[in-house]
Amino acid sequence: MGRGEGMRVLGIDTSCDETSVALVERGRILASKVLGQDALHRPFGGVVPEIAARAHAEKFLPALAACLGEGPAPDAIAVTNRPGLVGPLLVGLSAAKALAFAKGLPIVGVHHLEAHVAAAYLLDPPPEPPFVALIASGGHTLLYDVPERGRYVRLGQTQDDAAGECFDKIAALLGLPYPGGPSIEKAAKDGDPRAVDLPRPMRDDPSDDFSFSGLKTAMLYRLKGQDARRKDPTKGPVAVADLAASAQEAIADILSAKAVRAAKRLSRKRLVIGGGVAANTRLRELVAERGRAAGIAVSIPPRSLCTDNAAMVAARGSELLEAGKRDGLDLDADPYSE
Ligand code: KG4
Ligand code: ZN
């Protein structure tokens, strides 16, 4: 079988803290399993790489069995090998190589952020390039131009914290549990997004770059005044719900404004969003609203395809396989890959 599009591709992702395996054929998800580890990392307020790697080693075979079971066998393997946490990446990569060797299957390494874009190809109907894609996750925030199938041109990225990291750090300041994004979204439901006037760093900067660390610091000062050692940060006239809603509004405003502006500038008529932060309801609303106002169609995958999953890795892998790309069993992890 030559063309990846017709192949049944086994996707594997262990780049951060979800152990995920999926089987995808012609943009259809035949099986998908995502085993999370939030409870293991919650006491530490963030992902502990060593704990994540060990948990992947324990959860990989159950995830694989849940996907393959009695179902059809894969024709090829696509595995995230970059970027990510090195220990976690190596668990999925070693398993993928062992499977490829044992079953005599071709293997291809996938870039995790390109896979977040390719998650949109699992929509029915899939978006057709050219389009601009906004990817916002726990470790990355960036804009891609996708001029044609298989080409991912980076337009800009965060200069400091990622949008998801900003959610996570502000949640920690507010005393909300990890992971912060979903906690802030929940707390924000009863809050007023205009309650606190927070800055919008780099929103109006002409570049496609982002900056979120100032937002976190603004929240810190808002909570603690000029004394960062104060013990009772959230006591005061503004409720946690209002602070959460204001933070969520600021992040969604910056992301949606910059994504729509990049699409307009490049005369792209479509915008795709992805990454864990794209699970956020307010961001989804604002991107849809601003896209509509600018005459730009918006493709938003379901939440389960925005947060880390292996179906998106299989989708990106299918593109690479179709283009004739194959890697050898010497494929290595590249944790800091651009
Ligand atoms: O893409 P992802 O699942 O993993 C990485 O590759 O990082 O993204 C995880 C990030 C976390 O920072 C998490 O707080 C954020 O996505 N996130 C959200 C929501 N769900 C997950 N942020 C805002 N609202 C959400 N509903
Ligand atoms: Zn991710």
Side-chain angles (χ1 to χ4, degrees), residues 1-16 18-36 55-82 84 88-112 114-128 149-150 274 299 301-331 333:
M1 190 168 315
R3 288 171 61 83
E5 277 285 297
M7 282 182 162
R8 208 173 298 125
V9 179
L10 184 75
I12 295 174
D13 187 285
T14 59
S15 60
C16 191
E18 330 278 354
T19 312
S20 29
V21 179
L23 194 60
V24 171
E25 185 175 14
R26 295 178 195 275
R28 256 185 3 105
I29 302 172
L30 304 182
S32 174
K33 194 77 187 169
V34 179
L35 298 177
H56 284 307
E58 283 167 16
K59 290 169 192 267
F60 183 79
L61 287 178
L64 181 70
C67 278
L68 292 184
E70 304 298 304
D75 303 310
I77 297 176
V79 58
T80 298
N81 74 321
R82 66 194 193 283
L89 279 173
L90 284 171
V91 176
L93 183 57
S94 311
K97 290 200 275 191
L99 264 172
F101 179 69
K103 306 277 182 197
L105 297 176
I107 182 170
V108 70
V110 166
H111 190 287
H112 182 80
E114 292 172 2
H116 270 300
V117 179
Y121 294 134
L122 298 167
L123 288 169
D124 187 16
E128 277 306 315
R149 271 306 280 248
S299 300
R303 285 176 178 75
S304 58
L305 292 175
C306 288
T307 49
D308 284 352
N309 66 90
M312 69 183 195
V313 176
R316 175 63 182 131
S318 300
E319 269 186 336
L320 290 163
L321 291 158
E322 187 187 12
K325 176 99 168 83
R326 304 286 187 274
D327 284 307
L329 291 178
D330 57 350
L331 178 65

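Given the structure is predicted, the values throughout are model-derived calculations rather than measurements.
Side-chain contact between Val21 and Phe60: present, with at least one pair of heavy atoms (C-beta onward) separated by less than 4.5 Å. Taking the side chain as every heavy atom from C-beta outward, Leu64 and Leu99 approach each other to under 4.5 Å. Between Arg326 and Leu320 there is no side-chain heavy-atom pair separated by less than 4.5 Å. Taking the side chain as every heavy atom from C-beta outward, Pro74 and Leu68 approach each other to under 4.5 Å. Put simply, the side chain of Leu123 reaches to within 4.5 Å of the side chain of Pro302, judged on heavy atoms.
Summarising the geometry, atom CG belonging to Leu305 is positioned 12.0 Å from atom CZ belonging to Arg303; distances are rounded to the nearest 0.5 Å. Once rounded to the nearest 0.5 Å, the distance linking CG of Leu93 with CG of Leu331 reads 5.0 Å. The distance from the NZ atom of Lys33 to the CG atom of Leu23 is 14.5 Å, given to the nearest 0.5 Å. Here the SG-NE2 distance, from Cys16 to His56, works out to 7.0 Å after rounding to the nearest 0.5 Å. The OG1 atom of Thr307 sits 6.5 Å away from atom CG of Asn309, with the distance rounded to the nearest 0.5 Å. Residue Leu122 holds its CG atom at 4.5 Å from CD1 of Ile29, rounded to the nearest 0.5 Å.
Contact record, Ala78 with Gly317: CB-CA, 3.7 Å, taken as the closest heavy-atom pair. The two residues Ala120 and Pro127 have their closest heavy-atom pair at O-CD, 3.0 Å. In terms of heavy-atom proximity, Ala315 sits nearest to Ala118 at CB-O, 3.6 Å. In terms of heavy atoms, Ala100 sits closest to Ile77 at N-CD1, 3.6 Å. Minimum heavy-atom separation, Ala311 to Ala22: N-CB, 3.4 Å. Looking at every heavy atom in both residues, Leu321 comes nearest to Ala76 through CD1-CB, 3.7 Å.
Applying the side chain to side chain donor-acceptor pair (under 3.5 Å) test between Thr80 and each of Thr14, Asp308, Asp13 identifies Asp13 as the sole match.
Qualifying salt bridge (Lys or Arg N to Asp or Glu O under 4.0 Å) partners for Glu114, counting only residues two or more places apart in sequence or in other chains: Arg316.
No donor-acceptor distance shorter than 3.5 angstrom exists from the side chain of Glu18 to the backbone of Val34, with no hydrogens or angles considered.
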